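So the structure is just underneath, and the comments pick up after that.
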Amino acid sequence: MPSGSGKYLTKWFGIAVGIAIAFLCLLCLNLHTDRVPWGHSVEPLAVSEKNAGDRCVYEAYLPNAFDKKQTILFKTTHTRVSVKISGMEIYRYGFDESSPSFLKSPGTYWHLVQIPKQSAGDVLTLEISSVYRNFYGNLPLISYGNREGCILNLILQTFPIIMIDVIILFTGIVCLILHIIVRIREDWASAENFLYVGAFSLLIAIWSVCQSGFLQGILPNGKILYFLDFFSFYLFPVPFNLYLYSLFNGPYKKGFFRFGTAYLINMSMTLLIQLSGWKDMFELISVTHLLMLGNSMYIFHAVSAESRQDQMMRRLKYPIYVVMLFAVMELTMYYIRGLRETSIFLPFGTLVFILTLILLQVEKYYQSRYEKNRLRDLEKLANEDVLTGAHNRNAYENRISQVLCGNEKTRFYGSVMFDVNDMKEINDRFGHEIGDEALKNCYRCAEHVFGAYGTGYRIGGDEFIFLISKKIAFPEKMAQFDKKVEETARSVEYPFSVAAGYSCFEPGTDRDIRNMTRRSDTVMYANKAERKRKAQG
């Protein structure tokens, strides 16, 4: 089972994911969406930049052949945009006055703008308005062509990263399926590890798909994508730290729990600040980046120290180093490019890490299953009578000790003792193999009648006992047992009979379970003696 702190952090991570999903659903219900359709020739459009105070203005002359190429494609990041043809506005985005006050950013968006045919030779103007001070997002690289060609161009631009994201998404789903399968088998530690790896994979894939713009074809509102992007970015380090928390046992273990908690607190505070309208998540992202940088340094140090002592960590060391290195490179490129989306390095590093992680986790799971099965087989050998399949004397004494110590909560209603008659004579006249067969038949008869009501033990050479844990009519069951023994005796070529005796637990008389079993033993030997007297008389 995972430790208490791990379960606590997992619970709050689940709550955070639930809040993020609920918030996105509310946005979906309240924000207007204009679906961008997904569908040959596409060419770049030369633009010139003009300074216009609080706006960036880009101008381009539409080619004379534009009557056959009627669509332009470009991308904006956290900015509003207005498209004009010779001063007349034909498209605008991000100027939605009905949006909630806390939604400054229109998000990152790919724009497909239909241009009128008669515009050939006219001036195309893009006015980029900042919602954050002096931030104008990506330099618009404008492509033009027919609509299908522009869409195909967008797909081709994002295709490599999308393929990586699909693999990461698939591995994440596989991990979650493995989590369910392993949890059903009650291997809790492995189940939780698969859950952490699966959640980490899914969140990384969602973040990367948002960065690429591909998700816009499914969820075509930039503001919703903005929050989906940031929620996945804020949350994906949590299951990663939980996974490391589950692996470590030394002094560094608590550090991963603290970092996971810090990410959840950071996301909660950032969301509250966003909702207050004071600052946007985008403006506060540097705080999260500093937290990630500190987390990366801690992971490098902790993994390096732990790998000197732990074999599993030695195998995980380099995949963890790879994903951490790529994460730092991702952050570095983000600031080099002027706070613009990258999503270049981290998906590659994540893919290497996750594939290695899954292989190691599956190997660890099967090794754990092998060890458990081996221990179970050894325990079975220690507590099972190989000849008859009944529990042996060792198991019986352990059970009695558990009862006497108060650790056994089962209530016993009675016990039945069995002893094969004339066992020495059977061995002497027919051989020990037939003697063994007689012992097996004795237990089969007892198991047939009493197996559904209790547990059977072979406590001596030819002695068996059943501890009865369900209410039964003992006289009726004893009659059934005698009948079963008689049926068996008719089918064998040696004299087969069994002496039996039972006793019911009497709370006012029996001090403990041994008083009850002693009375069963007394009754059984009385039954055996009565049979001998009848045989001699």
Side-chain angles (χ1 to χ4, degrees), residues 2-27 100-105 132 192-193 195-208 210-211 224 226-248 251-303 320 323-324 327-328 330-331 334-335 339 346 350:
S3 66
S5 298
K7 288 198 291 184
Y8 175 80
L9 188 55
T10 302
K11 173 185 174 182
W12 284 105
F13 171 69
I15 292 173
V17 171
I19 292 172
I21 293 172
F23 188 81
L24 291 167
C25 290
L26 287 173
L27 285 177
S101 59
F102 62 82
L103 287 178
K104 284 185 186 180
S105 174
Y132 306 120
E192 295 304 313
N193 287 343
L195 175 63
Y196 300 147
V197 175
F200 173 67
S201 303
L202 291 179
L203 289 169
I204 283 285
I206 292 170
W207 171 75
S208 184
C210 287
Q211 293 275 296
I224 296 173
Y226 167 80
F227 280 98
L228 184 61
D229 182 347
F230 277 96
F231 281 142
S232 57
F233 181 75
Y234 277 90
L235 288 173
F236 81 74
V238 179
F240 185 75
N241 277 277
L242 279 172
Y243 178 72
L244 294 175
Y245 174 81
S246 70
L247 293 181
F248 277 71
Y252 299 101
K253 183 181 182 75
K254 290 183 178 179
F256 296 113
F257 174 80
R258 294 187 182 116
F259 270 108
T261 304
Y263 282 112
L264 293 178
I265 294 172
N266 176 54
M267 177 185 145
S268 302
M269 296 301 297
T270 304
L271 182 59
L272 287 174
I273 293 171
Q274 169 93 41
L275 293 175
S276 72
W278 178 39
K279 292 281 187 180
D280 270 16
M281 285 183 170
F282 174 73
E283 296 174 280
L284 299 169
I285 194 67
S286 296
V287 176
T288 306
H289 288 161
L290 287 174
L291 181 60
M292 288 181 170
L293 187 61
N295 194 186
S296 299
M297 294 172 65
Y298 182 82
I299 290 172
F300 272 117
H301 177 68
V303 169
I320 291 175
V323 74
M324 288 295 98
V328 172
E330 187 81 45
L331 286 178
Y334 178 76
Y335 285 96
L339 309 184
L346 189 55
T350 301

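Given the structure is predicted, the values throughout are model-derived calculations rather than measurements.
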* Asked: For the atom pair CD1 (I285) and CG (L290), what is the distance rounded to the nearest 0.5 Å?
  -> 10.5 Å

* Structure fact -> Taking every heavy atom of T270 against every heavy atom of L284, the minimum-distance pair comes out as CG2-CD1, 3.9 Å

* Which residues pass the side chain to side chain donor-acceptor pair (under 3.5 Å) test with D280, sequence neighbours left out? -> Y132, Q274

* Could you give me the CA-CA distance, side-chain angles and deciding distance for F257 and N241, then say whether side chain to side chain contact (heavy atoms under 4.5 Å, CB included) is met? => CA-CA 7 Å; F257 174 80; N241 277 277; over 6 Å; no

* To do: Please round to the nearest 0.5 Å and tell me the distance separating atom OH of Y196 and atom CG of L244.
  => 11.5 Å

* Asked: When rounded to the nearest 0.5 angstrom, what is the spacing between CG in N295 and CD1 in I299?
  -> 4.0 Å

* Minimum-distance pair of heavy atoms, taken over all atoms of K253 and S246 -> NZ-CA, 4.3 Å

* Structure fact -> Rounding to 0.5 Å, atoms CG (L272) and CH2 (W278) come to a distance of 12.5 Å

* Structure fact -> Those residues at least two apart in sequence (or on a different chain) that pass ring pair (Phe, Tyr, Trp, His ring centres under 6.0 Å) with Y226 are H78, F230

* Structure fact -> From the list M292, M281, M267, side chain to side chain contact (heavy atoms under 4.5 Å, CB included) with F233 holds only for M292

* **Side-chain (S208) to main-chain (I204) donor-acceptor, under 3.5 angstrom** => no

* Asked: Residues two or more places apart in sequence or in another chain: which of them pass side chain to side chain donor-acceptor pair (under 3.5 Å) with Y298?
  -> none

* Would you call L271 and F231 a side-chain contact if the rule is heavy atoms closer than 4.5 Å? -> yes

* **Separation between CD1 of I206 and CG of L235, rounded to the nearest 0.5 Å** => 9.5 Å

* Should the pair F236 and W207 be assigned to parallel (<30°), tilted (30 to 60°) or perpendicular (>60°) ring geometry? -> tilted

* **Atom pair CZ/SG of F227 and C210 - distance to nearest 0.5 Å** => 12.5 Å

* To do: Identify the two heavy atoms, one from V238 and one from G260, that lie closest to each other, and give their separation to 0.1 Å.
  => CG2-O, 4.0 Å

* **Among F248, Y263, F240, Y243, the one residue meeting ring-ring contact (aromatic ring centres under 6.0 Å, His included) with F256** => F248

* Where is the tightest heavy-atom contact between Y234 and T288, given as atom of each residue plus distance? -> CE2-OG1, 2.9 Å

